[in-house]
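A, B, ... follow the sequence lines: proteins, then strands. Residue 1 opens every chain.
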Amino acid sequence: MSAGSPPSQEGLPPNVVRQLTASADELWNHSTEKINAEVVALTYGSLVANLAREALSSGAGVAAINTRLDEMGYNIGLRLADDFASRTHSLFANTPTRRTGDGANSVSLLRRCADFRETAEIISKVAFKMYLGESPAITDFALSSPADGNRPAFSLEFVEPPFSSHVMLPPVLNGRSTSAGETGAGGKSREDALSYLSMIAGVIRGALFALGLEVITSTPRCTLWGDSISEIRVVLVRKIPASAPPSDD
Amino acid sequence: MIFTLYIYDRFCNCLYYRSFSRPLPSSMSMAEEQKLVYGVVFSARAMSERLSSAVGESSDPDGGFMAFQTSGFKLHSFETPTRYTFVLLTAVPTTGSAFDNRSASPAVPQTAQVLEDLRKLYSDCFVPQVVRNPLARLPTESYIVSSDNRMIPASMRKTPDLCPEMVFGTDSSPIMLGSTFDKMVLFWANGLSYSGLTPEGKAM
C-alpha cells in the first residue's frame, strides 16, 4: 500500500480480499467438480492442434486460429457469467454494504462491482480460483492507461499458465519462423504467433460482456513464445447501459 | 398467494410467463401486459437509481429497486448481474392476523424473503436448465450490441468457420424455455409456503 495514490488504485481492503480468497477456496474445495488437469491439458491441446491443422491446410493463417479460440471462449464466457453469479452470491452475504433492508432478515443479493479494480480482483481471486484452482497476479492496473487509449486496464500474469504443460509450439506457430535468429524482445512478430491462452481471454471477454462490461482482451506475452510469464491484458471499453423497452408506435 | 411470474432478458424480451392463480382475467393482451410490467420495472429502477444517489444512501450502483405494493398486489423484482429480471406478483402481505387474508394460504413474507426465493429460482432452475443447456440459444448469443447500443443479429458477425460441426443449436429462433423448465418452476412455486397452490399446482 503506497501512500498518495487514489484509493481505487489500491484494490479491495485486505480483510475483504482475505474473505474472498477464503470463500473462493471453499467453492473450489467443495462445490467444483474436478477433472484431472492433464486430461484437460491434453484435450485442449488436441483441440488447438486440430484447429491449427485445419487453419494451416486451408491457408487461413495463424491469426484465424487465435480468433476461433477467442470466439469459442467468448461463447463459454457468456454462459459462465450466469454460473458464476448464481454460485458466488454467498460470498457477499457478510459485507454490510451488500445487504438489503427489510428489517432483521437481511439477505445477500447479487450485486455489481463498484469499480473496475474490484472487477479485476474478483476475476483473479474468485473466478480463476473457483474454476481453475489458481489465482493469476494482477499487474499494471491503471484507471487510465496511456498505452491502451487512456482506458482502465489491467493484466493477469501466469507463471505456469493453465493447459500449457507439455506444450511446445513448432516454429511455424510461435512467430519465429519469419525472423529466424531475431528473437530478442520486441523482435518477434506476434501477429503470426499462436496465442495459447486466447480461449481464456475470450472467456473473460464473454463473461464481462454478459455482465454489462465491454472489454478488449489480448495476450501480449506467452511462456510458449519464450517469455518468462504469460499475460492476458484486459482493457475496459465501456459499460453497456440497460436497454430501454421499445416505445409504442 | 402468488399470482404471476415473468422472466425477462436484458433486451426486454419476456422469456417466460406463468400464471399461478389469477383471480380475474386480464383486460389486455398477454403481450401488452408483459410489456407493461417490464416498462414499469424499468422505470422504477431508473427512478430508484436517481433518487437513491440523490439522498446519498445508495449502496447498490443500480439503485436497488426491489418491490412495490398496491392495494391489490405486490410486485417483486429481482435482477441478476447478467440482467435477467425475475418479476413475481403476489398478494399483499398482511400485517395483522392471518385470518385477515382473503385466501387460505399463509401471508406473503417480507420482501427480502421473496427475493431470496426468486434468487433460488435463478440459481437452482434457470441456470441449470437454461444457461447450461447447450441446445438453448441465449439472448446474448442471438444479438451483439453495437457501439451505438443497437442490437444486431449475431448472424451478421463475421468469423472464420474452421470447425462448423462443433457449433450447437444453429437454429435462428430465439430461446424458448422448454416444458422441463416449466415443471421446475411449478415445483419451485409449490415449495413456497405462501404460494397458495395445491400439490397439483392448482390454485386453492
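D25(A) pairs by the salt bridge (Lys or Arg N to Asp or Glu O under 4.0 Å) definition with K129(A), not counting sequence neighbours. Residues passing the side chain to side chain donor-acceptor pair (under 3.5 Å) test with Y17(B) are R22(B), sequence neighbours excluded.
In this structure the side chain of L211(A) reaches within 4.5 angstrom of the side chain of T82(B), judged on heavy atoms.
Of all heavy-atom pairs between V127(B) and D82(A), the closest is CG2-O, 3.9 Å. Contact record, D83(A) with R132(B): OD1-NH2, 2.5 Å, taken as the closest heavy-atom pair.
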